[in-house]
Amino acid sequence: MSRRRLPESFFSRDARDLAPDLIGRWLRRDEVILQITEVEAYLWPDDTACHACAGQTARNAAMFGPAGRAYVYLCYGLHNMLNVVSNAVGQGSAVLIRAARPIAGEAIVSARRGGRTGPVMLTGPGKVGAALDLDVSWSNHALFRAGGLELLRGDPACEVRTGPRIGIDYAAPKDRDAELRFTSMDTRWVSKPRKLGTSVIRIDRNKR
DNA sequence: ACAAGGATCCTCT
DNA sequence: GAGGATCCTTGTT
């Protein structure tokens with residue numbers, strides 16, 4: 001039941017609404033399954049933190065395409081960051097996957113992370129990209145189709161905490177402060193837990 | 001053709 | 001908590 005893929009229609013809404021609904025969902029690539037524990041919404045229009053803010057370019061083109069696809073970009077020349085494209089065609093908006101907890105395939109994830117020992121803590125977007133072995137060629141990949149990288153229904157219910165987004169000091173103050181970061185309640189699986197807000201959203205997916 | 005800077009991570013202290 | 005790694009993307013000349 002929880003391993004069913006989410007349909008294309010699930011993604012076609014504003015990033016602000018889609019983002020909290022991604023917490024507790026599962027990302028699967030072959031043997032590896034990750035439970036999403038932290039995301040950030042990047043909005044359209046008028047979000048100075050969003051890559052699409054300055055318009056469409058070759059790099060961010062996937063954000064302007066149809067929802068439910070991946071947008072993967074290279075950060076600091078070495079980290080591959082996974083986003084889920086939201087909104088309608090022509091609107092450059094997406095949700096960044098910032099952290100996750102391994103559900104299956106831990107040995108594979110550990111190997112992809114350079115064979116580090118100890119618990120596999122995917123607390124940061126670069127780590128998530130490495131765990132799934134992604135690069136920019138995954139942009140435009142449809143997450144609702146079988147094969148490759150898929151988004152599954154995952155957990156039936158969860159609680160989500162909000163907070164300001166991380167690493168966007170270059171953005172306008174109103175965008176820096178906007179509570180567009182969403183995390184699971186278990187801060188063990190969250191990057192930078194000290195910068196969290198106080199409000200909590202309850203999500204029950206059984207009653208849909 | 002060039003310069004600047006980045007939605008980060010790791011290794012120190 | 002601070003700093004270096006590392007290289008692609010972008011806007012400008």
Task: Protein-nucleotide distance (D177(A), atom CG; dA7(B), atom P), rounded to Å - done: 17 Å
Task: Distance below 4.0 Å between K192(A) side-chain N/O and dT8(B) OP1 or OP2 - done: no
Open item on the list: Going by purine N1 to pyrimidine N3 plus the second Watson-Crick contact, or the G-U wobble pair, all under 3.5 Å, which nucleotide sits opposite dA1(B)?
Closed with: dT12(C)
Open item on the list: Do S191(A) and R98(A) pair up side chain to side chain, a donor and an acceptor below 3.5 Å, judged on atom types alone?
Closed with: yes
- [ ] Would you mind reading off the distance between Y73(A) atom OH and dG5(B) atom C1', rounded to a whole angstrom?
- [x] 13 Å
TODO: Rounded off to whole Å, could you give me the CE-to-P distance for the M81(A) and dA7(B) pair?
DONE: 7 Å
- [ ] Consider the side chain of K127(A), meaning its heavy atoms from C-beta on, and name the nucleotide among dC9(B), dG11(C), dT8(B) that approaches it most closely.
- [x] dC9(B)
- [ ] Looking at every strand, decide which applies to I168(A) at a 4.0 Å heavy-atom threshold: base, sugar-phosphate, or nothing.
- [x] sugar-phosphate
Task: Nearest-angstrom distance from the residue atom CZ of R59(A) to P of dC7(C) - done: 16 Å
Open item on the list: Under 4.0 Å, counting only non-hydrogen atoms across every strand here, what does M121(A) touch: a base, just sugar-phosphate, or nothing?
Closed with: nothing
Open item on the list: Let me spell it out: for each of A58(A) and R194(A), pick the nucleotide of DNA chain C with the closest heavy atom. Which residue's pick is nearer the 5' end?
Closed with: R194(A)
Open item on the list: Please report the distance, rounded to the nearest Å, between CD1 in I97(A) and P in dT8(B).
Closed with: 14 Å
Task: Closest to the Y76(A) side chain, choosing from dC8(C), dC10(B), dG6(B) - done: dG6(B)
Task: Side-chain ion pair, R13(A) and D21(A), N-O less than 4.0 Å - done: yes
Open item on the list: What is the separation between atom CG on L74(A) and atom P on dC9(B), rounded to the nearest whole Å?
Closed with: 13 Å
- [ ] Write down the distance between CG (L78(A)) and P (dC9(B)), rounded to a whole number of angstrom.
- [x] 9 Å
TODO: Measure the spacing between CD1 of I97(A) and CD of E40(A) and express it to the nearest 0.5 Å.
DONE: 10.5 Å
Open item on the list: Does any part of the side chain of N83(A), heavy atoms only, come nearer than 4.5 Å to the side chain of Y73(A), both counted from C-beta?
Closed with: yes
Task: Listed nucleotide nearest any side-chain atom of T57(A), set dA7(B), dG11(C), dT10(C) - done: dT10(C)
Task: Length of the line joining D135(A):CG and dC7(C):P, which is rounded to integer Å - done: 15 Å
Open item on the list: Quick check on dC9(B): is either OP1 or OP2 less than 4.0 Å from any side-chain nitrogen or oxygen of R98(A)?
Closed with: no
Task: Per P125(A) side chain, nearest of listed nucleotides dG11(C), dT10(C), dT8(B) - done: dT8(B)
Task: Watson-Crick or G-U wobble partner of dT6(C), both distances under 3.5 Å - done: none
Open item on the list: Between S137(A) and D135(A), do the side chains contain a donor N or O and an acceptor N or O under 3.5 Å apart?
Closed with: yes
TODO: Report the nucleotide, chosen from dT9(C), dG1(C), dT8(B), that has the shortest atom-to-atom distance to any side-chain atom of H79(A).
DONE: dT8(B)
